[in-house]
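What follows is a single structure, written as structure tokens, with notes after it.
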Amino acid sequence: MNHWLMKSEPDTFSIDDLKRKKREAWDGVRNYQARNFMRDGMRVGDGVLFYHSNCTEPGIAGIAAVASDAYPDPSQFDPESKYFDPGSSRDHPRWMLVDVTFVKKLKRTITLEELKHHPALERMTLLRKGNRLSVMPVDAAEWRYILDLE
DNA sequence: GCCAACGTTGGC
DNA sequence: GCCAACGTTGGC
């Protein structure tokens, strides 16, 4: 089993939204590296750290799980969607997504600030300078370490 | 709101 | 294929 971190802006879609909806198609990813992680790396049952970005308290807010294989992101075909991609086609879809399901909300948000202070995590992709990926892998050791911080 | 970092676009 | 211009991300 692999582990992942997925970013979401809580004003748009938060861990509480996922808790309420139980399951969500992770649409709108428009970065090739992030797409490749979903398309090629994810398997049903993989664990996901649900990260709140671009907010007052950025950090890991909950746990989710990969719930489907990758399939074409429907929003790329929808001219009304802000994620519409005129360069994509149904025959050759450019963007893929997976469904995720709610596992739990953490008792507290493990903040970005806190993560930065743990030497065990200094090599995390999330913490690398300039990293802007919204979907990224997490080491098994990092995964365990972070869950123990709760 | 600022801005550093990075990805994409498109002229040449 | 280069690279300047532009757009986006996301912490602060």
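Chain letters run A, B, ... following the sequence lines, proteins first, then strands; residues in each count from 1.
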Heavy-atom donor-acceptor pair, H92(A) side chain to S88(A) backbone, under 3.5 Å: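 Checking the backbone N and O of S88(A) against the side chain of H92(A), no donor-acceptor pair under 3.5 Å is found.
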Tell me the interatomic distance from [X], atom [atom1], to [N], atom [atom2], rounded to whole angstroms.
| X | N | atom1 | atom2 | answer |
| --- | --- | --- | --- | --- |
| R30(A) | dC6(B) | CZ | C1' | 19 Å |
| N54(A) | dA5(B) | CG | C1' | 15 Å |
| H52(A) | dT9(C) | NE2 | C1' | 17 Å |
| K82(A) | dT8(C) | NZ | C1' | 12 Å |
| R132(A) | dG7(C) | CZ | P | 14 Å |
| R35(A) | dG7(B) | CZ | C1' | 14 Å |
| Q33(A) | dT9(C) | CD | C1' | 14 Å |
| Y83(A) | dG7(C) | OH | C1' | 15 Å |

Phosphate OP1/OP2 of dC6(B): any Y32(A) side-chain N/O under 4.0 Å: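 Result: no.
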Salt-bridge present (R30(A), D85(A); N to O < 4.0 Å):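 Salt bridge between R30(A) and D85(A), a charged N being under 4.0 Å from a carboxylate O: no.
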Salt bridge E57(A)-R108(A), side-chain N to carboxylate O under 4.0 Å: no
Sugar-phosphate, base or nothing in reach of L133(A), heavy atoms under 4.0 Å: sugar-phosphate
Nearest listed nucleotide, side chain of K129(A), among dA5(B), dG10(C), dG11(C):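 In terms of side-chain proximity for K129(A), the closest of dA5(B), dG10(C), dG11(C) is dA5(B).
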Stepwise ring pair (Phe, Tyr, Trp, His ring centres under 6.0 Å) test for F50(A) and W26(A): CA-CA 12 Å; F50(A) 193 110; W26(A) 204 265; 5.6 Å; yes
